[in-house]
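Only heavy atoms go into these numbers, but all of them, side chains included; no hydrogens, no water, no symmetry mates. This chain uses plain numbering: 1 for the first residue, then up along the sequence. Here the structure is a predicted model, which is why all the values come from computation and not from measurement. Order of listing sets the numbers, starting from 1, for every ligand and every atom in it.
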Amino acid sequence: MSWHVVIAGGGFGGLYAARRLERVLPHQSSRVTLVNDVNFMLYTPLLPGAAAGVLEPRHVVVPLRQHLGRTDLRLGRVTGADPDRRVLRVDSLEGAGHELVYDQLILALGSVSRTLPVPGLAEHGLGFKTLPDAIALRNRLIRCLELAETIEDPQERAPYLGFVFVGAGYAGLEGLAELQDFAADVIEHYPRCRVQGMRWVLVEARERVMPEIPPSLAAFAARELGARGIELRTSTMVDEITADSVRLSTGEVLGARTVAWTAGVKPPPVVAQLGLPLDDGGRIRTDRFMRVEGRADVWAIGDAAAVPDPARAGQPCPPTAQHAMRQGRRVAVNVAAALGTGRARPFTYRTLGVFVDMGRYQAVASTAGIKWRGFPAWFLARTYHLLLMPGSVRKLRLVTDWTVALLFGRDAAELGQLGHPTALGAPAGAGTGAGAASPAGDGAGAAATVARRAPARGAAGD
Ligand SMILES: Cc1cc2nc3c(=O)[nH]c(=O)nc-3n(C[C@H](O)[C@H](O)[C@H](O)COP(=O)(O)OP(=O)(O)OC[C@H]3O[C@@H](n4cnc5c(N)ncnc54)[C@H](O)[C@@H]3O)c2cc1C
């Protein structure tokens, strides 16, 4: 008889669980199936680099088929489960529903952006969680510069040059810092915008940025942002977002056509459809071995799981990649033990460090109690991610991208129409993309706008 282990979700937790299961489970008596809705793992810590055009988007993902051995990869969307019947429900890419029967199930479904009922957020805010989010943000930025450049009246132009990030965790802080750096680079090619200047604001509900890192490092990060002209609003909430403004809880109104929402994460909605015990935050409750409470054959890891944190009694592990990948490896050992191979062990990892890469050779880091800042921290952060990226070819691609960006800068091509081919027979340039008609759309413009690092020609005549 062959045991069937099913993994739902192929991100940090799921991929590392599958790779370890391939090693620890006997080949002849087990098979592993990984269900994921895309055929790659997104390496999220490098997402800000992709948004800022330092890294080619394809280079911040790990193609699952190339990094899995005997695991059977099934592309599809998990829609529910029936743990009493040991069944996972999956919709194929074309929408056909089927059931996967398992002996052991590992849930690693990650998280989605945590939104709040802020008026206008759904209509005007952009997330920063997925690759499409990152590319949409970059395209929005470039479109805003393009549109601003065509506007005569500086007051009317101002909201196009206003950028607001909400949430100063590391996703928000790194995303804002990298994008602002990118914008400061390419604005050289937009004479009117350059003369008027941009406005970048980071809004945070808590008292300081980056509660995940020591206060002195957070203060350094805040100073670095300030030195770049980025305004910080701490202990402040967003009350309303419109097409061209953001109203804060202090009453201040910021002109901005770009609002990025990076205020935390929550489990994806499907987690509530699995028939499993959840904590107050909607994460799946597990014991120290990552076994779901009350279930002998279901395990949960990563952002969607409330695994007890060995470093903080009574608290779940924080939603980080470093926890998810280690939980993936350890849960594989425990699943093998449940099937009679080896011995189960609790999850004991304590955070070794945090890196916050702010671009421009600046970062802050805290590793094993040692605090780093400035260039050494930046170098450490890049080296760490390079070492962690699976596969030597992918490492080489990262080094190449970083080097090219360092030597030649970044270009401002807005390729929102990629993936939206022109309908056959339609007039040339009439893309089918949804963003084609949007004033600050993220998608299909009529033509890609290219502004390379050639001397600005003052086309706008200012
Ligand atoms: C911008 C950004 C920067 C970050 N930087 C860092 C950092 O520097 N360091 C760090 O430690 N952490 C960082 N994180 C956090 C880190 O990305 C997460 O903690 C980590 O990805 C969690 O791993 P996971 O396996 O739980 O989920 P994920 O890696 O998100 O994987 C979940 C997988 O499940 C798939 N999935 C979801 N729902 C379904 C479904 N219904 N059906 C099928 N498949 C589904 C998803 O497509 C995904 O492939 C960052 C996050 C962001 C957004």
Ligand 1 to [X] polar contact by distance, N or O atoms, under 3.5 Å:
{"X": "Phe12", "answer": "yes"}
{"X": "Lys129", "answer": "no"}
{"X": "Asn36", "answer": "yes"}
{"X": "Val78", "answer": "yes"}
{"X": "Thr44", "answer": "yes"}
{"X": "Gly9", "answer": "no"}

Suppose I only count heavy atoms of [X] and a 4.0 Å limit; which atoms of ligand 1 are within that range?
{"X": "Ala108", "value": "32 (C), 33 (C), 34 (O)"}
{"X": "Gly10", "value": "33 (C), 34 (O), 49 (O)"}
{"X": "Gly302", "value": "26 (O)"}
{"X": "Gln322", "value": "11 (O)"}
{"X": "Leu109", "value": "32 (C), 34 (O), 37 (C), 38 (N), 39 (C), 40 (C), 45 (C)"}

Legend entry - Cation over ring face, Arg326 and Tyr349, 6.0 Å, 45°: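 Flagged: Arg326 positioned over aromatic ring of Tyr349.
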Inset, instruction - Assess Arg19 against Tyr16: is NZ or CZ under 6.0 Å from the centre of the six-membered ring, and within 45 degrees of the ring's axis? - result: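 Positive - Arg19 is close enough to the ring of Tyr16 and near enough to its axis.
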What's the shortest distance from [atom] to any protein heavy atom, and which residue and atom give it?
{"atom": "atom 44 (N) of ligand 1", "result": "Asp37 N, 3.2 Å"}
{"atom": "atom 23 (O) of ligand 1", "result": "Ala324 CB, 3.3 Å"}
{"atom": "atom 28 (P) of ligand 1", "result": "Gly11 CA, 3.9 Å"}
{"atom": "atom 18 (C) of ligand 1", "result": "Asp303 OD2, 3.4 Å"}
{"atom": "atom 8 (O) of ligand 1", "result": "Pro45 CB, 3.4 Å"}
{"atom": "atom 11 (O) of ligand 1", "result": "Ala321 N, 2.9 Å"}
{"atom": "atom 5 (N) of ligand 1", "result": "Tyr170 CE1, 3.3 Å"}

Can you check which of [options] brings a heavy atom nearest to [atom]?
{"atom": "atom 2 (C) of ligand 1", "options": "Ser113, Ala171, Gly169", "result": "Ala171"}
{"atom": "atom 30 (O) of ligand 1", "options": "Gly110, Gly328, Ala381, Gly353", "result": "Gly110"}
{"atom": "atom 25 (O) of ligand 1", "options": "Gly13, Pro319, Pro268", "result": "Gly13"}

Do NZ/NE/NH1/NH2 and the carboxylate oxygens of [X] and [Y] come within less than 4.0 Å?
{"X": "Arg77", "Y": "Asp37", "answer": "yes"}
{"X": "Glu204", "Y": "Arg208", "answer": "no"}
{"X": "Arg285", "Y": "Asp279", "answer": "no"}
{"X": "Asp84", "Y": "Arg295", "answer": "yes"}
{"X": "Asp72", "Y": "Arg31", "answer": "no"}

Inset, instruction - Verify salt bridge (charged side-chain N to carboxylate O under 4.0 Å, His left out) between Glu99 and Arg85, making sure each step is shown before the conclusion. - result: CA-CA 10 Å; Glu99 295 189 339; Arg85 288 173 50 232; 2.9 Å; yes
Inset, instruction - Using non-hydrogen atoms of the residue, decide whether Gly76 is closer than 4.0 angstrom to ligand 1. - result: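 Checking ligand 1 against Gly76, which is what was asked, there is a heavy-atom contact under 4.0 Å.
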Inset, instruction - Decide whether the shortest distance between a heavy atom of Gly175 and an atom of ligand 1 is less than 4.0 Å. - result: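 Gly175 does not count as a contact of ligand 1 under the 4.0 Å cut-off.
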Inset, instruction - Given ring pair (Phe, Tyr, Trp, His ring centres under 6.0 Å), test His59 with Tyr43 step by step and report yes or no. - result: CA-CA 9 Å; His59 298 171; Tyr43 194 101; over 10 Å; no
Legend entry - Residues Trp261, Thr115; criterion side-chain hydrogen bond (donor to acceptor under 3.5 Å, both in side chains); working and verdict: CA-CA 8 Å; Trp261 187 263; Thr115 51; 5.7 Å; no
Would you check if the side chain of [X] reaches a backbone N or O of [Y] as a donor-acceptor pair within less than 3.5 Å?
{"X": "Asp133", "Y": "Thr130", "answer": "yes"}
{"X": "Glu22", "Y": "Gly69", "answer": "yes"}
{"X": "Thr286", "Y": "Val292", "answer": "no"}

Legend entry - Straight-line distance of Leu137 CG to Leu47 CG, nearest 0.5 Å: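 These two atoms lie 9.5 Å from each other.
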